[in-house]
Amino acid sequence: MKNKILNTLRRFLPFLGVVVAFAIHRLIEDSDEHPDAEEAYYTWILYFFLVATFILGIVSTFIKKLKKSLEYSGAFWGGVGIVVAIIDIVIGKFALFPVLFFPKYDNILAQFFEGYEIILKCIWHSTKLLVTGFLYGSGFGFVTGVLLGFNKKFNYWINPYIKLIGPIPATIWIPISLTIFPTTFGASVFIIALSVWFSVALMTSSAIQAVPKAYFEVSRTFGASSAFQIFRVGIPAAMPSIFLGVFYGIISAFLALMTAEMFGVKYGIGWYISWQKAMLVYSGVYAGIIVIAVYCMLILTLLFKLRDKILNWQKGTLKW
Amino acid sequence: MVTENKENAKGAIHIENLVKTFISNEGDTVTALNGVNLDIPAGSFVSLIGPSGCGKTTLLRQIAGLAEPTSGGVFVDGKKITKPGADRGFAFQQATLFPWLNIRDNISLGLRARHVYKEHKQDVDEFIETVGLKGFEKSYPHELSGGMNQRASLARALVGHPDILLLDEPLGALDAFTRMAMQDEIHRLWEKYKTTMVMVTHDVDEALYLSNYVVVMKARPSKIEQVIKIELPFPRARTQDTFVLYRKKILEILNFAGKIPEPEYYL
Ligand SMILES: Nc1ncnc2c1ncn2[C@@H]1O[C@H](COP(=O)(O)OP(=O)(O)OP(=O)(O)O)[C@@H](O)[C@H]1O
Ligand SMILES: [Mg+2]
């Protein structure tokens, strides 16, 4: 019985967290050092989450899966509410840091509410770059890796060059690629593709070389062709590490994207941040950082979902 | 009567002066096979028995064509073996199933490799049942016990209906009862398909229960010590007294017969 009450309480901890954040925000006045926002955006958001977390707590009573996961993660989300409240006190209420560089919530949220159009445009632009560059990079990287892994001649002639070029941060090539490619779009795609290419190629080739010899011997006793050995034995066996290469690849692609955007490209999240910084609108910088954080998290979640689908035979060996 | 399945023309093995040496990591030369000569008639059941490290696996791998001989050679039906082929199935000492495939896909992968899966679909199910893995088709190797994996590996070698089956301690990881049941299955399959069987085993009784010939090998230098023809009709009984003489002979060759101490008389 006691346990049951405790578990119910756990499911309402996120709600309690929002209540704390709300109470602090309403009870203490904002410091007047902060410029005022047009509207009380932060209060709106808090209202929204008050309702949302409360409904979540109620609804989870009836959905078993949600109930279990909320009983586990409820405390964490409650804690998030407290952290948000503490930041509010330090920055919004008492302005303990220079307000120019540490704007209060209302002003950061204003960037979203008032400038969502340009932010969405930037997200779209970055996505286009990232997806195009990533597809080219991982495609070529995979092919290079497979050739390096299986073809001794290719390995002999090409591998040293790859070892030489690969570790150089792709962003070093930005000035050169900007002059070679007719458009900045092409140049950025190239830079992103280059950074993905290396990690995918490297992980793929080393993974293929590390496939136990016994697997190939087994398939040879079937009378399997070389193509069969490559595509049905070598590559599937190497898949977990190839995935890791893709994972590292997307992280370096993201880095390359941000750097490329801060250099010559117009639009994009990276560009947005450096633009806001140039105008000394730090609330915009924070808005950009929040966008990047959420964006990265979404991509990684997607990637891990994909991995669970493709590699469901080795469930739970890598945790995020 | 000795069943030698003479009607089956395929799967005769002829081994001629086969030498296989390895260079160890320290640079020493290890002679794993030191001039092996052996003739295995098509359709016979041969057991290889001998101490660990005497070259049994090496010999099977030579017949399979997985490694080049240092000198001499293996001939199957008169043709020199240079590479592996689907006419020779191999059940490895370690199960070596592919972890990314479920049991059914593991067993049928060889058929897919030769593009004959469609025709032999029912065979896959038959062999899954034979090795007692029905209901586990969708499981992955890491979800099953070592013995179950070994049985799956056996089914994988059997399903392609090779002329020659090379079995490297196929029942090593099984408990005594499953092992006896599997011995019966192997015997039944051998009678049914008249496959030439070459099986490595450490179990003298297993060898006696199943084989036409027991090849006794010795280490340092690795070679065949003696080939014993088991002149007992099938079906055989595990309890039959006639095994005793053969067992004695084999153990004597391997120097494991042991001695009863001379009785001491106190008068
Ligand atoms: N790839 C290799 N490289 C070096 N030496 C090897 C290699 N394969 C086998 N040997 C050596 O050849 C000898 C015979 O090995 P083999 O595996 O054939 O023995 P085995 O009779 O199958 O033993 P077990 O009963 O333990 O399986 C051993 O001394 C082993 O060290
Ligand atoms: Mg062995």
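Model, not experiment: these values are computed from the prediction. Proteins get letters first, then strands, A, B, ... in listed order; numbering begins at 1 in each.
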J.: Do you know which of Leu48(B), Val200(B), Thr201(B) makes side chain to side chain contact (heavy atoms under 4.5 Å, CB included) with Asp168(B)?
T.: Val200(B)

J.: Strictly less than 4.5 Å between heavy atoms, which residues of residues 59-68 of chain B line up against chain A? Please order them by number.
T.: Arg61(B), Gly65(B), Leu66(B)

J.: So which part of Ala237(A) gets closer than 4.5 Å to some heavy atom of chain B, the side chain, the backbone, both or neither?
T.: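 Contact with chain B involves both backbone and side-chain atoms of Ala237(A).
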
J.: Can you name the closest pair of heavy atoms from Thr196(B) and Gly43(B) and give their distance?
T.: OG1-N, 2.9 Å

J.: Of the backbone (N, CA, C, O) and the side chain (C-beta and beyond), which part of Arg88(B) lies under 4.5 Å from a heavy atom of chain A, both, or neither?
T.: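 For Arg88(B), the backbone is the part near chain A, not the side chain.
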
J.: Distance under 6.0 Å and angle within 45° of the ring axis: does Lys20(B) meet both against Phe22(B)?
T.: yes

J.: Identify the heavy atoms of Ser241(A) and Ala207(A) that sit nearest to each other, and give their distance.
T.: CB-CB, 3.3 Å

J.: Less than 4.5 Å to any heavy atom of chain A: does that hold for the side chain of Leu111(B), its backbone, both, or neither?
T.: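 It is neither, since no heavy atom gets under 4.5 Å.
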
J.: Give, as side chain, backbone, both or neither, the part of Phe228(A) having an atom under 4.5 angstrom from any heavy atom of chain B.
T.: side chain

J.: Is it the case that Thr171(A) and Thr259(A) place a side-chain donor and acceptor less than 3.5 Å from each other?
T.: no

J.: Under 30°, 30 to 60°, or over 60°: which ring-plane class applies to Trp190(B) and His187(B), parallel, tilted or perpendicular?
T.: tilted

J.: Look at the rings of Phe127(B) and Tyr193(B) and say which category their plane angle falls in: under 30° parallel, 30 to 60° tilted, over 60° perpendicular.
T.: tilted

J.: Are Arg232(A) and Phe222(A) in a cation-pi setup, meaning NZ or CZ lies under 6.0 angstrom from the ring centre and within 45 degrees of the ring axis?
T.: no

